[in-house]
Number of protein chains: 2
Amino acid sequence: MALNKNSPRVLVVDDEPGLADLIASALKFAGFQPEVATNGTGAIKKYLADKFDIIILDVMLPDMNGFDLAKKISTSAPRTPILFLTAKDSTEDKIRGLTVGGDDYVTKPFSLEELVARVNAILRRAGNDAGGSGRVEFHGLEMDEETREVRRDGKLIDLTTTEFRLLHYLLSNAKKVVTRAQIMDYVWNYDFGGDSGILETYISYLRKKVDFKEPKLIHTVRGFGYVIKNKENP
Amino acid sequence: MALNKNSPRVLVVDDEPGLADLIASALKFAGFQPEVATNGTGAIKKYLADKFDIIILDVMLPDMNGFDLAKKISTSAPRTPILFLTAKDSTEDKIRGLTVGGDDYVTKPFSLEELVARVNAILRRAGNDAGGSGRVEFHGLEMDEETREVRRDGKLIDLTTTEFRLLHYLLSNAKKVVTRAQIMDYVWNYDFGGDSGILETYISYLRKKVDFKEPKLIHTVRGFGYVIKNKENP
DNA sequence: ATTAAGCTGTAAATTTCCTTAAAATTTGCA
DNA sequence: TGCAAATTTTAAGGAAATTTACAGCTTAAT
């Protein structure tokens, strides 16, 4: 997770400071160098001052339409790809027309897992990839993002989308304890209100599907969260 | 996807940076080495500096008529084939006259699938083929880009254009899960806005036509996209 | 032993997908 | 040009998978 000079720079533009910060911290955690702007003018200033590899842009800004901002930016020569954030209801079709080039869009509310995945996808397409091979592995438990295949000791296992996301998050943080709050923020939509033990339910699903034999890899840290590790062979 | 030295070089000339980038990324994905120019003078500069195997040229340029640019280029000794991009309405006949030798043209808006297919066809004709045989095959399901023939276990199958494009995209990404968004962007015209389940409809058509027997090759990845693979013999 | 936290099965709610039919559009041909 | 056929797109009902809520039970900590 070392933030070296070569980690891609991301400009996050959202008028909701809390959300912008949430996104920024998730990006930093994923190995990017985020910068935050909370309005259009600030965004332009930062954009002109620095080079960014990608811009995450809310289409709803207080002082400026996100579309216009995008247009301003898209005229510069080495075009910076944009990931639009948009409300679910409207504008979806409008966005579709705009996402020409390396662009993409995510509808609010989204999960940070998804957002980071999209950013990675865009950068991969643009060629200035951060690195990751798209595979995660830990003691015989492997996941491949490309094929979406999951294996335990070679045996193929079928997971639903949420199961896949959860396991992927745990696995890419292997040996590190992650809190339930972190998991909820990352795997579920950031504004997900209810928590009627849905995380426990999915942990239960995962244990049944991928962690049914020794050595157990998914461990509960009571009062805190979960961790993937191998107790017998640390 | 390894971009080796021998992958054909393509010069993409379009004044809309977003579209030029879109084309470039699609070409890169297909194994070419694209270079982008957004106006006539820039194109000429790049053309003189480097050798290209093919030029993709929008006939509508800000500083120069695409036709004139084509004429300038066509005087050089080993003529570089040109794929013209043109608006649907007019100029069709004009283009016809210009498409000598290995040339061809595509009307806007086009699908990336189609564009890449045309580029491949031209290069094949010109003899400096990428190496791709123009055939894709996976567990008894074969497609030939040149003849547009599709076979399942040897038996010839008739597909419409869209069906062919969709299947070809899935097949050339065999074993990799592709998202619906990726499919929509690549197979349908790049400015296609709506998505009222048209993808599902075509998947349904394909299943009926080419995937009616075991082992099933087209699989749904719920909440994500589709993938072509053989579950029984992975 | 008490209490809080976590696990798991069941069922309801929701989402996603498939299929079919019909409308709209394009293409081919006379 | 204009009609007929083929293709593409939209729309709707229903089926199936997934997600969510919740209740009863188990486990761990003190």
Side-chain angles (χ1 to χ4, degrees), chain A residues 88-89 92-93 96 107 109-111 113-114 148 150 157-167 170 177-181 183-184 187-189 191-212 216-227 231, chain B residues 88-89 92 106-111 113-114 148 150 157-167 169-170 177-181 183-184 187-212 216 218-227:
Chain A
K88 181 151 195 139
D89 50 5
E92 281 229 28
D93 23 332
R96 263 202 166 287
T107 56
F110 47 82
S111 73
E113 168 87 14
E114 184 179 357
R148 265 185 109 69
V150 180
I157 292 165
D158 234 45
L159 295 187
T160 70
T161 327
T162 306
E163 288 165 355
F164 187 94
R165 277 201 202 142
L166 174 56
L167 184 60
L170 294 176
V177 179
V178 286
T179 69
R180 335 151 85 56
I183 299 175
M184 290 305 295
V187 177
W188 274 265
N189 293 342
D191 70 343
F192 187 81
D195 176 6
S196 54
I198 192 171
L199 177 51
E200 284 90 344
T201 302
Y202 271 92
I203 289 285
S204 171
Y205 291 162
L206 282 183
R207 286 192 164 129
K208 224 185 297 185
K209 284 189 176 180
V210 310
D211 209 24
F212 50 87
K216 296 287 167 58
L217 297 178
I218 304 175
H219 301 277
T220 306
V221 182
R222 213 179 161 74
F224 218 82
Y226 296 89
V227 61
K231 275 187 173 163
Chain B
K88 179 147 196 141
D89 49 6
E92 286 232 16
V106 177
T107 57
K108 288 184 178 188
F110 46 81
S111 74
E113 173 79 18
E114 182 180 358
R148 286 185 74 79
V150 180
I157 292 166
D158 230 47
L159 294 186
T160 70
T161 326
T162 307
E163 288 165 354
F164 186 93
R165 277 196 211 137
L166 174 55
L167 185 60
Y169 185 61
L170 293 176
V177 178
V178 286
T179 67
R180 330 155 86 61
I183 299 175
M184 291 303 298
V187 176
W188 271 264
N189 293 343
Y190 59 80
D191 67 347
F192 186 83
D195 175 9
S196 57
I198 192 171
L199 177 50
E200 283 95 339
T201 303
Y202 270 90
I203 288 284
S204 177
Y205 292 162
L206 280 184
R207 285 192 165 129
K208 226 183 298 187
K209 284 190 176 179
V210 310
D211 209 24
F212 49 86
K216 296 286 166 59
I218 303 175
H219 300 276
T220 305
V221 182
R222 219 152 222 279
F224 212 83
Y226 296 90
V227 60

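Computed from heavy atoms alone, side chains included, the values below leave out hydrogens, waters and symmetry copies. So that the names make sense, note that chain A is the first sequence line, chain B the second, and so on, each numbered from 1.
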Asker: Find the distance A/R148:CZ to D/dT18:P and express it as a whole number of Å.
Answerer: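 Rounded to the whole Å, the gap is 12 Å.
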Asker: Output all residues satisfying ring-ring contact (aromatic ring centres under 6.0 Å, His included) with A/F110, sequence neighbours left out; order by chain, then residue number.
Answerer: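 ring-ring contact (aromatic ring centres under 6.0 Å, His included) check on A/F110 returns A/Y190.
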Asker: To the nearest angstrom, how far is A/I203 atom CD1 from D/dT27 atom P?
Answerer: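 It works out to 18 Å between those atoms.
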Asker: Taking only side-chain N and O atoms of B/Y202, does any of them lie within less than 4.0 angstrom of OP1 or OP2 on C/dC17?
Answerer: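 No, because none of the side-chain N or O atoms of B/Y202 sits under 4.0 Å from OP1 or OP2 of C/dC17.
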Asker: Would you give the length of the straight line joining atom CG of B/L159 to atom OH of B/Y202, rounded to the nearest 0.5 angstrom?
Answerer: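 Between B/L159 CG and B/Y202 OH, I get 11.0 Å after rounding to 0.5 Å.
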Asker: Just jot down the salt bridge (charged side-chain N to carboxylate O under 4.0 Å, His left out) partners of A/R148, sequence neighbours excluded, or say none.
Answerer: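 Scan of A/R148 (salt bridge (charged side-chain N to carboxylate O under 4.0 Å, His left out), adjacent residues dropped) gives none.
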Asker: Give B/T161 one of three labels, base, sugar-phosphate or nothing, depending on what nucleic acid heavy atoms sit under 4.0 Å from its own.
Answerer: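 Contact class for B/T161: sugar-phosphate only.
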Asker: Atom CZ of B/R180 to atom C1' of C/dT15: distance rounded to whole Å?
Answerer: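 It works out to 11 Å between those atoms.
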Asker: Given the structure, check if the side chain of B/Y205 and the base of D/dT9 hold any donor-acceptor pair shorter than 3.5 Å.
Answerer: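 Side chain to base: pair found, below 3.5 Å.
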Asker: On the nucleotide C/dT20, are OP1 or OP2 found under 4.0 Å from the side-chain N or O atoms that B/K208 carries?
Answerer: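 Looking at the OP1 and OP2 atoms of C/dT20, one of them is under 4.0 Å from a side-chain N or O of B/K208.
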Asker: How long is the line joining CD1 of A/I183 and P of C/dG6, in whole Å?
Answerer: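 Computing the A/I183:CD1 to C/dG6:P distance gives 11 Å.
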Asker: Rounded off to whole Å, could you give me the CZ-to-C1' distance for the B/F192 and D/dT9 pair?
Answerer: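 Taking CZ of B/F192 and C1' of D/dT9, I get 7 Å after rounding.
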Asker: The helix from C/dA1-D/dT30 to C/dA30-D/dT1: angle between its terminal axes, five pairs each, to 10°?
Answerer: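 For the helix from C/dA1-D/dT30 to C/dA30-D/dT1, the axes at opposite ends meet at about 40°.
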Asker: Taking only N and O in the side chain of B/T201, is any of them less than 4.0 Å away from OP1 or OP2 of D/dT8?
Answerer: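 For B/T201, the contact criterion (side-chain N or O under 4.0 Å from OP1 or OP2 of D/dT8) is not met.
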Asker: Would you please name every residue forming a side-chain contact (heavy atoms from CB on, under 4.5 Å) with B/T201, sequence neighbours left out?
Answerer: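 Here the qualifying residues are B/Y205.
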Asker: Identify, with sequence neighbours excluded, every residue that meets salt bridge (charged side-chain N to carboxylate O under 4.0 Å, His left out) alongside A/R207.
Answerer: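 Not a single residue meets the salt bridge (charged side-chain N to carboxylate O under 4.0 Å, His left out) criterion with A/R207.
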Asker: I need the CG-C1' distance between A/L199 and D/dA21, as an integer number of Å.
Answerer: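 The distance from CG of A/L199 to C1' of D/dA21 comes to 14 Å, rounded to the nearest Å.
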Asker: Using whole Å, report how far CZ of B/F110 lies from P of D/dT8.
Answerer: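 After rounding, the gap between these two atoms is 18 Å.
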Asker: 5'-most contact on DNA chain D: B/W188 or A/D158, nearest heavy atom basis?
Answerer: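 Closer to the 5' end of DNA chain D: B/W188.
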Asker: On DNA chain C, nearest-nucleotide positions of A/G223 versus B/E200: which is more 5'?
Answerer: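 Final value for this comparison: A/G223.
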Asker: Closest heavy-atom contact between A/M184 and A/L199?
Answerer: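 Here A/M184 and A/L199 meet closest at SD-CB, 4.1 Å.
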Asker: Output yes when at least one side-chain N/O atom of B/S204 is less than 4.0 Å from OP1 or OP2 of C/dT19, else no.
Answerer: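 Yes.
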Asker: For A/L206 and D/dT19, what is the distance between atoms CG and P respectively, to the nearest whole Å?
Answerer: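 One finds 11 Å between P of D/dT19 and CG of A/L206, rounded.
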Asker: Spell out yes or no: do the side chain of B/R222 and the base of D/dT18 have one donor N/O and one acceptor N/O closer than 3.5 Å?
Answerer: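 Flag unset: no donor-acceptor pair detected.
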Asker: Taking only residues two or more places apart in sequence or in another chain, which ones pass side chain to side chain donor-acceptor pair (under 3.5 Å) with B/T160?
Answerer: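 Expected list: B/E163.
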Asker: Using a cut-off of 4.0 Å on non-hydrogen atoms, how would the nucleic acid contact of B/T220 be classed: base, sugar-phosphate, or nothing?
Answerer: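 Sugar-phosphate only.
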Asker: Closer than 3.5 angstrom, by distance alone: can the side chain of A/D211 be matched with the main-chain N or O of A/L217 as a donor-acceptor pair?
Answerer: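 Answer holds: yes.
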